[in-house]
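Below is one structure; the comments refer to it alone.
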Amino acid sequence: MTSPIEKFNIHVPDDVLDDLKTRLALTRFPNELQLSPGEEWSYGTPEQVTRNLVEYWRTSFDWRHIEDEINAHLPQYTAVVNTGSEEHGSLRLHFVHKRSTRPNAVPLIFSHGWPGSFLEVSKIIEGLTEPTDPKHPAFHVVAPSLPGYCFSEPSRKPGLSLKATAYMFNELMKLLGYTAYMAQGGDWGAMVIRALAIWHPENCKAIHSNMFITTMPTPIRHPFKLVKLIGAVLGSFVGLEIGYSKDELEGLKFSKYFMEEESGYMHVQSTKPQTLAYGLTDSPVGLLTWLHEKLRRWTDDYPWTDDEILTWVMLYWINGPVGSLRYYKEAKTPYLKTDERTYVVSQYTNVPLGVSVFPNEVFRFPHDWGHMVQPLKFWKKHEKGGHFAAWERPKILIDDIRQFTEIVVQDDLSLRSNTIST
Amino acid sequence: MTSTRPVPYKLAISENDVQALKSKLAATRFPDELEGVQWDYGVPLADMKRLVRYWQDGYDWRRHETHINETFPQFTIDIKVDGFGVLNIHHVHQRSKSEHAIPLLFSHGWPGHFMEAAKIIPLLINPPSGAPAFHVVAWSLPGFGFSDAPKKAGFNMAKMAEAGHKLMLALDYSEYVVQGGDWGSSISRQVARLYGGKHCKAVHVNMLSMAPIEPSKNPLLWLQHISTPFSEEEKRMVARTNMFRDKGLGYFHEQSSQPQTLSYGLADSPVGLLAWIYEKLHNWTDNYPFTDDEILDWISVYWFSKAGPGASLRIYYENLRTNPLENGRHEPIYSVPIGFSIFPQELVYVSKANRLLVGNLVYESSHSAGGHFAAFERPEDLVGDLREFHGIGGKAYGVVKGLTGYADD
């Protein structure tokens with residue numbers, strides 16, 4: 001019987017790279033308004049920054065070198081995995097897999113989001129798999145590409161969303177011999193790990209999120225939280241901190257602002273992703289600016305290098321971004337009386353939850369809302385960092401994962417006892 | 001060349017630019033698509049492949065360019081807009097043979113352009129006997145077509161109106177009427193708000209954007225609104241409005257928050273621009289049977305536009321960021337008569353009660369066919385309404401001193 005797992009190395013064909021260079025050379029730029037200093041990003045990604053990146057991309061960016069580095073640092077594979085649905089059948093999933101040399105390592109699946117990738121695991125994989133301190137827990141790390149992203153095959157049919165993703169990821173972990181594991185994620189990854197906790201609690205034993213997201217407290221299920229929220233809002237009108245702190249109220253206000261003023265991409269991608277895809281598949285600068293804006297806005301003064309930005313963009317350019325854009329619309333796939341996305345943010349599940357809170361995250365919810373959806377076992381706020389925690393604050397994130405793990409393995413020995421010895 | 005008098009203009013896109021477009025089209029890289037979803041996720045791949053191939057191989061921009069140049073007298077003129085310096089404004093200015101024709105400013109919207117007026121101009125300037133004649137000015141809005149784009153932030157509705165008004169003055173039309181849909185409707189109403197009575201003498205629109213009725217501001221009207229049952233037709237139009245709000249506003253959110261981010265793909269990729277605009281031509285019209293030539297004529301204007309397609313997006317940002325009171329978009333207008341043509345496949349339905357907040361809305365006309373681009377889809381209907389509104393017996397008859405639209409009685 002042939003093994004369904006195949007070794008994978010990134011190797012972008014020469015003609016794709018040549019074609020890219022030709023496109024970059026023929027870039028037709030838009031103009032832009034003359035904006036005051038400090039306001040350069042207020043209409044979106046500015047021109048000069050973009051021109052510089054395009055020039056660097058065309059002349060000096062060394063993809064082969066980066067490709068070699070990624071292949072050397074992150075052992076990658078693909079496997080054909082069942083989606084749990086007849087519609088979608090089985091799809092080839094790309095993933096990083098690195099086992100720890102330590103006995104009793106905990107299997108951990110790391111799920112990226114948009115516009116991230118499996119690459120986000122790079123800075124935490126060493127610390128997780130081979131901690132230098134023997135007192136720290138070790139992990140076997142699995143980091144797949146979401147279906148339709150990067151090197152993971154998309155479905156040909158509509159409707160492949162969080163439930164199917166979770167099914168696939170769970171199947172992958174089982175295929176690798178991990179019947180009890182933890183999950184970590186941010187952005188869509190935070191939703192995927194919720195889906196794992198909801199639909200596969202028999203295998204996914206604990207989840208850690210760096211983007212906690214849920215819906216408003218409801219009168220029937222969360223009456224006290226709702227009253228607390230109303231009290232806090234009313235109190236704020238008269239300068240009092242009632243129920244929730246000023247900080248927490250500010251966080252909610254920011255979340256609201258984000259949905260009103262910075263969610264254009266989300267509105268487009270969750271309604272007309274195909275229309276958007278034509279330009280972003282055909283134009284490297286179009287794709288670059290669409291993603292770069294988020295890399296800049298969603299991070300906390302992270303000093304992106306040109307190589308980092310372009311590497312992230314290349315991972316979307318190589319096979320085109322359409323699968324990733326459609327993922328937003330697929331999330332509205334109907335489920336029970338609602339849709340998958342709404343179900344995933346609001347459904348209660350008994351799997352323990354750990355949350356790391358970074359100040360520049362785009363959704364900012366009060367601490368006790370964590371209890372609305374899972375038993376909250378860990379909640380830590382940090383002073384610096386944004387949406388891409390594993391990239392911006394890897395040491396902090398590793399620390400938090402370790403602390404959370406220590407809490408949960410005390411309650412659940414299955415996480416320690418299921419590792420296979422090969 | 002700058003001038004405060006209109007300078008005759010002919011479109012003359014360079015051969016370089018025409019060839020560069022074809023080269024890009026030949027190298028188009030397409031995404032895949034899902035099976036069986038038709039238009040639900042956006043423009044279907046087969047449509048895009050067909051249009052790209054034709055745009056590259058068979059489509060003849062020179063044909064369209066020549067047709068515009070030979071049919072419609074075009075000009076450019078410098079208009080000084082307060083705070084924004086001088087903007088060179090491109091426009092069609094076609095006068096009727098009738099000396100008493102009514103001067104009319106036609107304002108397009110997004111993703112429209114000045115040639116939306118192509119079918120109504122010949123009808124307006126040359127009516128049958130008994131109907132009024134018009135002189136028509138169809139301009140490219142600042143940032144669109146072959147007009148300059150503003151260089152600074154803040155070019156909002158009031159500035160658009162100022163530019164349009166000053167254009168009419170510069171063409172020696174001290175008194176004039178206005179017509180528009182989409183942003184053209186908001187601009188026309190803003191012209192009426194700012195210059196109505198003295199200069200702008202009447203407004204006709206084929207779309208209305210209104211604030212919802214607030215019970216605290218208009219309690220009686222709100223009660224009327226919630227207690228009046230909708231007809232079947234109204235219910236259908238409300239359902240269409242809701243669907244548009246749920247599924248059709250992605251572009252609106254992006255363009256009103258990060259227009260610059262979007263502009264790179266639209267400027268650099270013909271297929272990107274084609275998809276972005278063609279989706280609206282398809283979704284916003286009433287099954288209008290666009291030919292491939294019509295689609296590509298339309299989108300080529302955007303591709304070859306003076307300030308590039310990205311500049312056109314800013315109208316969304318500028319009008320959702322600046323002071324809504326200054327925009328005055330929702331304030332009623334009483335200074336001039338207002339006419340409104342209702343087309344069944346328009347995107348946003350405004351209820352009868354809500355229309356009472358428009359102001360001096362004295363003419364309404366409903367049609368059985370037509371959508372958002374009324375002048376292009378249903379030119380006879382729209383012109384028929386303008387003739388009724390402005391003609392003898394109409395509510396806007398004789399509003400412009402000495403220019404009734406008819407030869408001497």
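Worth knowing before you read on, the calculation uses all heavy atoms, side chains too, and leaves out hydrogens, waters and symmetry mates. So that the names make sense, note that chain A is the first sequence line, chain B the second, and so on, each numbered from 1.
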Checking A/Q269 against chain B: side chain, backbone, both or neither under 4.5 Å from a heavy atom?
neither

B/E35 versus chain A, the contacting section by heavy-atom distance below 4.5 Å:
both

Is it the side chain or the backbone of B/D32 that comes within 4.5 Å of chain A heavy atoms, both, or neither?
both

What distance separates B/K24 NZ from A/T22 OG1, expressed to the nearest 0.5 Å?
11.0 Å

Do we see a donor-acceptor contact under 3.5 Å between the side chains of B/Y264 and A/E32?
no

Please lay out, stage by stage, how A/V268 and B/W276 fare under the test side chain to side chain contact (heavy atoms under 4.5 Å, CB included).
CA-CA 11 Å; A/V268 177; B/W276 199 253; 4.0 Å; yes

So for A/L325, is it side chain, backbone, both, or neither that comes closer than 4.5 Å to the heavy atoms of chain B?
neither

If I measure from the heavy atoms of chain B, does A/L280 come under 4.5 Å with its side chain, its backbone, both, or neither?
neither

Check the side chains of A/T289 and B/T261 for a donor-acceptor pair under 3.5 angstrom, ignoring hydrogens and angles.
no

Non-hydrogen atoms of chain A under 4.5 Å away: do they reach the side chain of B/N283, the backbone, both or neither?
side chain

Considering only heavy atoms and a distance below 4.5 Å, find which of B/S23, B/A149, B/A27 pairs most often with chain A.
B/A27

Once you round to the nearest 0.5 Å, how far does NZ of A/K272 lie from CG of B/D40?
6.5 Å

Show, in sequence, the C-alpha distance, side-chain angles and deciding distance for B/H253 and A/Y265, and conclude whether the side chain to side chain contact (heavy atoms under 4.5 Å, CB included) test is met.
CA-CA 8 Å; B/H253 281 272; A/Y265 77 100; over 6 Å; no

Pick whichever of B/L45, B/L313, B/L266, B/V37 has the most heavy-atom pairs under 4.5 Å with chain A.
B/L45

Tell me, side chain or backbone of A/E261 under 4.5 Å from chain B's heavy atoms, or both, or neither?
both

Name the orientation class of the two ring planes belonging to A/Y278 and B/F30 (parallel below 30°, tilted from 30 to 60°, perpendicular beyond 60°).
perpendicular

